[in-house]
Amino acid sequence: MITITLPNGAKKQFTAPTITAFDVAKAIGPRLAQDAIGALINGELRDLHAPIQADAAVTIVTARSDDTHALYLLRHSCAHVMAEAITSLFPSVKLAYGPPLEDGFYYDLELAEPIRQEDFARVETEMARIIAADRPFTRYELPPDEALRKLEHQGNPYKVDNARRALRQNPGTAISFYATGQPGKDWEDLCRGPHLPTTGRIGAFKITSVAGAYWHGDASQQQLQRVYGIAFFSAAELTAHGQRLQAAKERDHRLLGRQLGLFTISPLVGSGLILWLPKGAMVRQELEAFLLQELTRRGYSAVYTPHIGNVNLYKTSGHYPYYKDSQFPTIKMKERDSGDEAEYLLKPMNCPHHIQIYAAEPRSYRDLPIRLAEFGTVYRFEQSGELAGMTRVRGFTQDDAHLFCTPDQVEAELRSTVDMVLHVFRTLGFTEYQCRVSLRAPGSDKYAGEAALWNQAETTLRQVVREMGVPHHEALGEAAFYGPKLDFLVKDVIGRQWQLGTVQLDYVLPERFQLEYIGADNAPHRPVMIHRAPFGSLERFTGILIEHFAGAFPTWLSPVQAIVLSISEKFVDYGRQVVGQLRAAGVRAELDSGDEKIGAKIRRARIQKIPYLLVVGAKEQQAGAVAVRTRQDEDLGAVPVAAFLEKLSAEIRTRA
RNA sequence: GCCGAUGUAGCUCAAUGGUCGAGCAACGGUUUUGUAAACCGUCGGUUGCGGGUUCGAGUCCCGCCAUCGGCUCCA
């Protein structure tokens, strides 16, 4: 007798010694049995036909695209179908690894000839045939020795390696294979599963791209070809997915950056080096002004430091040897008078300079915390393949600050820093965020400093985010070499995740630079440092904001906040007068005095995503008004200039 | 850095190895306009750069540069 507990708490009993989730589904109803593609058995995703021999909690997984388990089965199975298709078209292929992703699936494989985009169509045709044949995914298991012998005989080192790794994790367990059809007769693959019941359950799919990928993600290993695909239960969902991708493309900051005149990159200056155009510079100035206001409120001191520094500084900090490959080469020079050699580095970070400001005079515990802030421009030689628009560049400005405090001030300082990061997110409309608590990788030797201090730092960070109720998760191996950190990840309005600000706790650099303060006991003590940057980099942050707002910045950030559109030449003078009034009140206003018709002017202003369009003609001139139309296509009708200005100023002032 | 793709006017795109075109933008003119594109005209190119094959190269081959999609990296 097997008792099955259903998600609603109901229980069903079966007399057979072995049943499957499919039996459970049939017992509930024929419709559910028809839709079932797998099951959660005691919370674990399994094949629909996996045997159940003891009492269990069972949730039937049905073919729904809003269920991550269902999509997992679908996409994992589609990866298999793709691998089978590729194997039949390219018999010399060696398959490596083919998992589902949050947004599709891929299969890594080794092939002498590259698979090209031109090949996608015939692979898809072959896949369609496999799906139309509606063959069952059939699982079978072999004891470890037999499985390894079989795989070694097949001569595929990747699969042998996969099986060995599985055995290392769970020694002695059987190794599972999935045949698409009948074992021994049809195509099969070493695989942990689970899968759909049959290939026919794959509704709609598409191969999307191919790229290189290293075996086990290790750049020193063999590079494989990674073929990406996407699958849904219905063709309509696939089409909708395509439309979402198209929409994302339209808000790409590189495209909008050009259309809206925000920034450009010139190969004559160098790749990865941003040229801020006047309109982009305006956005940046507003962002900086916003932060400066916060810094002043929170007791920071603004400082300025140079763009280069003696390389010894970075040798002392430990950055230089650690990041040698991703820095611009040093500038070597001989002092004219003394003949002394000096070597300078374009600064890759601001901390050593700020440390020297701290160290410039003796500090008392009464002075702490000292909070030094700077929009500091730094240069890092990122690999060419990494550069992307404003989000990955070689020269960027951090909204940086370094806090020097006593050990017992650390927690309060961390709290206020995290609070500032959250305030920034709230103001800019990032409502969905996650804090990643980035910790050491166990057993790695890349970290500086004593284990005891690391433990203390990690505990403090954990405690702060927990007590502040910040949604967070921990990530091993993501810490900086000098300390653990809090990295803030936000989701933009279309659900893409970005890494923004960071708060880092550092006991190492104060040690390396021998920083001190005199305590109440009249003895020297070592301060603790906190590195923090709520935006991260102004370049990257602006790029993300462009995409987040699709170029339609809130009014306070908009490069042009209102544009006056004259109906005809007769009203240009009045328009100019209105622009003058707006500008006198600090509003960024412009006049479109061209001789196009009003429709054309509106279209142009809409494309530029200007928040307020102010039409002026005879009626408006007479009434001392403007006809207000918003970027969202609301028509607010004729409003007296003074009344409009008051509303607009309030909107800007409150950063609404 | 690695794998693959792409590179034609300011932008978006055409051009079986045979004179590189169009729309938009810009500029000039006409028009004086009422809520997402008025009309006519003009200008604009060493086809990313450098080699090669060919009677002839935007097109084929090689090298470099840049960009895009990934991988790796990210203080």
Side-chain angles (χ1 to χ4, degrees), chain A residues 106 108 111 114-119 208-228 249 252 254-255 258-259 261 264-268 270-272 314 317-327 347-352 378 380-389 391-394 396 398 400 446 448 478-483 485 487 499 502 504 506 508-509 531 533 536-537 540 565-572 594-607 613-620 627-629 631 633 635 637-638:
Chain A
Y106 66 79
D108 281 351
L111 194 57
I115 292 183
R116 292 163 192 281
Q117 259 169 46
E118 298 94 273
D119 301 316
T208 51
S209 65
V210 59
Y214 300 104
W215 177 232
H216 292 310
D218 180 346
S220 65
Q221 294 263 10
Q222 165 96 16
Q223 187 160 42
L224 306 168
Q225 295 186 55
R226 177 170 293 180
V227 186
Y228 283 90
K249 230 168 139 184
D252 188 311
R254 293 166 294 195
L255 180 73
R258 188 168 53 231
Q259 283 174 356
T264 190
I265 297 169
S266 163
L268 299 179
S271 50
Y314 307 97
S317 74
H319 288 94
Y320 187 69
Y322 202 87
Y323 295 102
K324 203 171 189 318
D325 293 340
S326 49
Q327 283 163 180
K347 69 173 168 184
M349 82 289 301
N350 301 303
C351 20
V378 299
R380 298 176 183 177
F381 193 81
E382 303 289 357
Q383 302 180 75
S384 60
E386 290 302 338
L387 302 174
T391 53
R392 196 72 191 271
V393 293
R394 286 182 174 159
F396 58 95
Q398 296 178 315
D400 212 356
K446 80 170 203 181
E478 293 289 333
F481 76 84
Y482 50 73
K485 49 183 184 157
D487 293 314
Q499 183 178 335
T502 180
Q504 309 175 355
D506 179 6
V508 170
L509 293 186
H531 310 234
S537 111
R540 181 179 164 75
L565 312 175
S566 52
I567 291 286
S568 82
E569 210 177 333
K570 284 181 258 174
F571 311 106
V572 168
D595 65 352
E596 290 103 330
K597 299 217 254 187
I598 196 66
K601 292 185 182 184
I602 284 172
R603 178 169 191 272
R604 196 159 49 204
R606 290 289 303 267
I607 290 170
L613 318 187
L614 312 177
V615 177
V616 295
K619 281 179 292 188
E620 290 76 18
V628 182
R629 179 172 158 144
R631 170 166 71 181
D633 212 18
D635 185 354

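A note on names: the letters A, B, ... follow the listed sequences, proteins ahead of strands, and every chain is numbered from 1.
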Problem - Touch class at under 4.0 angstrom, heavy-atom based, for A:Arg392 against every strand present - result: base
Handout entry: Separation between the P atoms of B:U46 and B:C20, rounded to whole Å
Key = 13 Å
Exercise for the section: With heavy atoms under 4.0 Å as the rule, sort A:Gln504 into base, sugar-phosphate or nothing. Expected result: sugar-phosphate
Problem - Closest nucleotide among B:U31, B:A75, B:U32 to the A:Lys485 side chain - result: B:A75
Handout entry: Residue matched to B:U19 through Watson-Crick or wobble contacts both under 3.5 angstrom
Key = none
Practice task
Please state the P separation for the pair B:U67 and B:U32 - nearest whole angstrom.
Solution key: 49 Å
Handout entry: Selected nucleotide, minimal atom distance to A:Tyr228 side chain, candidates B:A75, B:A38, B:G70
Key = B:G70
Exercise for the section: Mind checking A:Leu387 for me? I need base, sugar-phosphate or nothing, with any heavy atom below 4.0 Å counting as a touch. Expected result: sugar-phosphate
Exercise for the section: Look at the side chain of A:Glu620 and the backbone N and O of A:Gly617, then say whether any donor-acceptor pair between them is shorter than 3.5 Å. Expected result: yes
Exercise for the section: Select base, sugar-phosphate, or nothing to describe what A:Gln327 touches, counting heavy atoms under 4.0 Å on all strands. Expected result: base
Practice task
Please confirm whether any donor atom in the side chain of A:Asp595 sits under 3.5 Å from an acceptor in the base of B:U32, or the reverse.
Solution key: no
Problem - Cationic tip of A:Arg394 above A:Phe381 ring, under 6.0 Å, 45° of axis - result: yes
Problem - A:Glu478 and A:Lys485 ion-paired at < 4.0 Å - result: no
Practice task
Between B:G10 and B:U53, how far apart are the C1' atoms? Round to whole Å, please.
Solution key: 35 Å
Problem - Quiz item: A:Glu620 side-chain donor-acceptor pair to B:G34 base, under 3.5 Å - result: yes
Completion exercise
Picking from B:G4, B:G34, B:A36, the nucleotide nearest the side-chain atoms of A:Ala627 would be B:G34
Handout entry: Side chain to side chain, A:Tyr314 and A:Met349, heavy atoms closer than 4.5 Å
Key = yes
Practice task
Name the orientation class of the two ring planes belonging to A:His531 and A:Tyr482 (parallel below 30°, tilted from 30 to 60°, perpendicular beyond 60°).
Solution key: parallel
Exercise for the section: Name the closest nucleotide to the A:Ile607 side chain, picking from B:A38, B:G4, B:A36. Expected result: B:A36
Problem - Which nucleotide in B:C71, B:C73, B:C68 has an atom nearest any side-chain atom of A:Gln383 - result: B:C73
Practice task
Establish, from distance only, whether the side-chain atoms of A:Ser568 and A:Lys597 form a donor-acceptor pair under 3.5 Å.
Solution key: no
Problem - B:U30 pairs with, by Watson-Crick or G-U criteria that keep both distances under 3.5 Å - result: B:A38
Exercise for the section: Using a cut-off of strictly less than 4.0 Å, decide whether A:Arg258 has a side-chain nitrogen or oxygen near OP1 or OP2 of B:U12. Expected result: yes
Practice task
Take atom P in B:G23 and the same atom in B:U6, then report the distance between them in whole Å.
Solution key: 28 Å
Exercise for the section: Could you tell me which nucleotide pairs with B:U47 by Watson-Crick or G-U wobble geometry, both distances under 3.5 Å, or answer none if nothing does? Expected result: none
Exercise for the section: Remember a base hit wins even if backbone is also touched, and classify A:Gly617 as base, sugar-phosphate or nothing at under 4.0 Å, heavy atoms. Expected result: base
Practice task
Consider the side chain of A:Val615, meaning its heavy atoms from C-beta on, and name the nucleotide among B:C68, B:C2, B:U35 that approaches it most closely.
Solution key: B:U35
Practice task
Classify the side chain of A:Ser317 versus the base of B:A75 as yes if they form a donor-acceptor pair under 3.5 Å and no if they do not.
Solution key: no
Handout entry: Residues A:Asn350, A:Gln398; criterion side chain to side chain donor-acceptor pair (under 3.5 Å); working and verdict
Key = CA-CA 9 Å; A:Asn350 301 303; A:Gln398 296 178 315; 3.1 Å; yes
Handout entry: Base of B:A75 and ring of A:Phe481 stacked, centres under 5.5 Å, planes under 30°
Key = no
Exercise for the section: Quick one: label A:Ala211 by what it contacts on the DNA or RNA (base, sugar-phosphate, nothing), any heavy atom closer than 4.0 Å. Expected result: base
Exercise for the section: Give A:Glu569 one of three labels, base, sugar-phosphate or nothing, depending on what nucleic acid heavy atoms sit under 4.0 Å from its own. Expected result: base
Handout entry: Cationic N near anionic O, under 4.0 Å, A:Arg226 to A:Asp108
Key = yes
Exercise for the section: Using a 4.0 Å heavy-atom cut-off across all strands, classify A:Thr208 as base, sugar-phosphate, or nothing. Expected result: nothing
Exercise for the section: Can you tell me, in whole Å, how much space there is between the P of B:G7 and that of B:C13? Expected result: 11 Å
Exercise for the section: Rounded to whole angstrom, note down the P distance from B:G69 over to B:U30. Expected result: 47 Å
Practice task
Pick base, sugar-phosphate or nothing for A:Glu478, based on heavy-atom distances below 4.0 Å to the nucleic acid.
Solution key: nothing
Practice task
Return the nearest nucleotide to the side chain of A:Lys570; candidates are B:A75, B:G69, B:U33.
Solution key: B:U33
Practice task
Report which part of the nucleic acid A:Arg606 touches: base, sugar-phosphate, or nothing (heavy-atom distance under 4.0 Å, all strands).
Solution key: base
Exercise for the section: Test for a donor-acceptor pair under 3.5 Å between the base of B:C3 and the side chain of A:Gln225, counting only N and O atoms. Expected result: no
Practice task
Answer with base, sugar-phosphate or nothing: what part of the nucleic acid does A:Gly599 contact at a heavy-atom distance below 4.0 Å?
Solution key: sugar-phosphate
Exercise for the section: Kindly indicate whether the side chain of A:Tyr214 and the base of B:G70 share any N or O donor-acceptor pair separated by less than 3.5 Å? Expected result: no
Practice task
Determine the contact category for A:Tyr322: base if any of its heavy atoms lies under 4.0 Å from a base atom, sugar-phosphate if only primed atoms, P, OP1 or OP2 are that close, otherwise nothing.
Solution key: nothing
Problem - Nucleotide of B:A36, B:U33, B:A75 approaching A:Arg603 most closely (side-chain heavy atoms) - result: B:A36
Practice task
Might you confirm whether atom NZ of A:Lys324 has over 12 heavy atoms from other residues, nucleotides or ligands at distances under 6.0 Å?
Solution key: no
Practice task
Return the nearest nucleotide to the side chain of A:Arg629; candidates are B:C2, B:A36, B:A75.
Solution key: B:A36
Practice task
Please state the C1' separation for the pair B:U12 and B:U31 - nearest whole angstrom.
Solution key: 29 Å
Practice task
Rounded to whole angstrom, note down the P distance from B:U19 over to B:G58.
Solution key: 10 Å
Fill in the blank from the handout: Looking only at B:A37, B:C71, B:A36, the nucleotide nearest the A:Ala600 side chain is B:A37
Problem - Who pairs with B:G10 - Watson-Crick or G-U, where each distance is under 3.5 Å - result: B:C24
Problem - Pairing nucleotide - B:C2, Watson-Crick or G-U, each distance under 3.5 Å - result: B:G70
Practice task
Could you tell me whether A:Ser271 contacts a base, only the sugar-phosphate backbone, or nothing, with contacts defined as non-hydrogen atoms closer than 4.0 Å?
Solution key: sugar-phosphate
Practice task
Report which part of the nucleic acid A:Ile602 touches: base, sugar-phosphate, or nothing (heavy-atom distance under 4.0 Å, all strands).
Solution key: base
